[in-house]
Amino acid sequence: MEKEVILAASQPIAYERKKWEKSQKKQNYYRTLTLFSPITILALWEVLSRTALIDPRFFPPPSTIIVEFVHLAVNGNLSSHVMISLYRILGGFFLGVIPGILLGLLIGMYKPVRYTFQPLVMALMPIPTLALMPIIIIIFGITDFSKMVTIAGSVFFPVCINTAAGVSNIDPIFVDVAKNYGAKSKDYFFKIALPGSLPVMMEGIQMGQAIALLTIVAAEMIGANSGIGYLIWMDYKAFILKGMYVGLVIISFFGYFFSILLRFLQRRLIPWQK
Amino acid sequence: MSSDIKIRVHQLSKIFFRKNSSVHAIRDINFEVKNGEFVCLLGPSGCGKTTLLRILAGLEKPSGGSYEMIHGDRNKPLQSMIFQEKGVIPWMTVEENVAFGLRMRHAPKNETKERTDYYLKKVGLWEFRKLYPSEISGGMKQRASIARAFANDPEILLMDEPFAALDEQNKYILQEELLSIWEETKKTVLFITHSIDEALLLSDRILLMSAQPGTIVREKIIDLPRPRKIASVRSNPKMGQEFVDIWNHLQEAVSGNLRGASTGLSNQVY
């Protein structure tokens with residue numbers, strides 16, 4: 001029989017410290033990779049564009065986009081476009097999220113509501129709200145509110161469906177616990193249904209946030225004379241592609257920022273989840 | 001006044017009706033539990049003992065028969081259930097879980113705090129009171145579940161195999177802890193289990209059940225002196241005899257139900 005003897009080290013602490021340092025180094029390495037990939041792509045783009053290996057009219061060098069960004073921010077009315085878009089996004093977001101949560105909770109909690117509204121929600125969900133823009137504009141005019149309604153229409157569905165799923169996925173044992181310990185319906189709502197559905201609901205809100213950004217750009221392309229979407233569309237039509245890219249970068253930044261904000265909120269609202 | 005009846009069950013039946021195959025979960029159950037008595041319902045899984053307990057807990061309606069639970073002190077809740085391990089609510093801290101019953105029945109704030117603190121200390125969860133269930137072990141979760149029920153101060157405790165999911169060591173510790181808390185309060189307890197050892201250790205009386213349809217087939221009085229300890233119950237030769245007796249009985253009940261597939265099970269004791 002063969003015996004295998006593993007000798008770690010004569011000084012266990014030093015040995016483990018070395019291992020720990022190694023793992024730290026590895027973490028740094030991974031972080032570098034994450035940083036490295038966009039930088040490489042941007043650098044490559046810069047070089048290819050400057051050497052005209054790709055058409056600089058369609059793909060202007062990133063450095064010129066940055067210059068354009070600063071230029072628009074200082075001289076132009078970029079900030080007013082950003083502010084108006086942000087206003088519409090937030091307005092539309094809450095206009096969709098709040099009814100989405102409410103109806104979702106009702107669908108999850110009450111069977112009659114579920115059987116009345118669930119099929120309706122499912123049937124309406126695949127219709128892109130953007131396709132309804134003309135109708136929305138007829139009803140609400142070319143106003144900020146019509147953009148908000150369009151965004152709300154897209155945000156509503158994932159939030160509503162996720163909230164309903166969140167409630168119906170609550171383990172029935174907690175319903176039994178609440179019942180056995182005499183919870184009234186108000187207590188049941190605030191102590192069981194609402195917190196129990198929060199994790200899945202937040203996923204829906206995260207999805208809604210992404211959809212809101214997709215929608216605002218398109219909505220502002222169709223019927224607006226301000227906002228990021230309008231900027232992108234006008235610069236595209238005027239063939240000022242540098243300006244268009246500025247708009248795209250801003251939208252990307254919005255998405256990143258909102259995601260981080262929501263993740264932060266999620267950690268605060270759902271402290272029991274690890 | 002310890003001999004008065006607290007729970008009275010008469011000809012209780014429950015059928016789970018389905019179009020093609022209805023299940024007769026329990027049939028014609030009759031028994032009584034005295035005030036302050038610790039009774040175990042012992043039977044194989046699927047014998048309907050959980051259904052019976054859920055009916056008494058108000059979570060299920062019986063199909064036939066009746067039951068009565070005598071509510072003595074109107075200031076106290078009639079009954080509370082101790083659920084299996086999953087019964088602690090994950091989005092509440094240990095402390096909030098223990099206070100749950102008191103909060104739901106809107107007990108005065110200082111009483112809620114007092115009772116919650118007392119039972120948190122009693123079950124050894126005081127230092128862990130701010131943690132969430134996901135941060136504590138299975139044994140600790142079950143301690144929280146026990147503390148929640150006792151803090152609510154009901155007249156009757158209904159326990160649904162509370163220790164079934166625990167590892168053996170934890171189970172022994174919690175069984176003894178349960179006994180020591182119970183002896184302090186002397187509440188009426190109806191305890192469901194499939195473990196013969198557990199029933200022998202805990203109960204004043206064991207009701208043996210058979211399955212399909214679940215019905216009570218026999219009763220055993222366990223008159224060991226209290227307070228009891230696992231070691232002394234285990235080493236008592238009379239209890240060894242009782243174990244074998246119950247085991248033989250359950251074996252018949254289980255193998256009788258396996259109809260045809262029961263060969264080879266009959267004479268094997270351990």
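Below, chains carry the letters A, B, ... as their sequence lines are ordered, and counting in each starts from 1. Remember, it's a predicted structure, so these values are computed and weren't measured experimentally.
In this structure, the portions of B/Gln79 lying under 4.5 Å from any heavy atom of chain A include both its backbone and its side chain. Both the backbone and the side chain of A/Pro271 come within less than 4.5 Å of a heavy atom of chain B. Heavy-atom distances place both the backbone and the side chain of B/Arg148 under 4.5 Å from chain A. When heavy atoms are compared at a cutoff of 4.5 Å, A/Ile192 approaches chain B by way of both its backbone and its side chain. Of the two parts of B/Ser134, only the side chain, counted from C-beta on, holds a non-hydrogen atom closer than 4.5 Å to a non-hydrogen atom of chain A. At a 4.5 Å heavy-atom cutoff, B/Pro77 makes no contact with chain A through either its backbone or its side chain.
For B/Trp126 and B/Tyr119, the gap between ring centers reaches or exceeds 6.0 Å.
For the pair A/Leu194 and A/Met201, the minimum side-chain heavy-atom distance is below 4.5 Å.
Between B/Arg143 and B/Glu177, at least one side-chain N (NZ, or NE/NH1/NH2) sits under 4.0 Å from a carboxylate O, which counts as a salt bridge. Between B/Glu155 and B/Lys187 there is no salt bridge, since no side-chain N of the basic residue sits under 4.0 Å from a carboxylate O of the acidic one.
Looking at every heavy atom in both residues, B/Ser21 comes nearest to B/Arg18 through O-CB, 3.4 Å.
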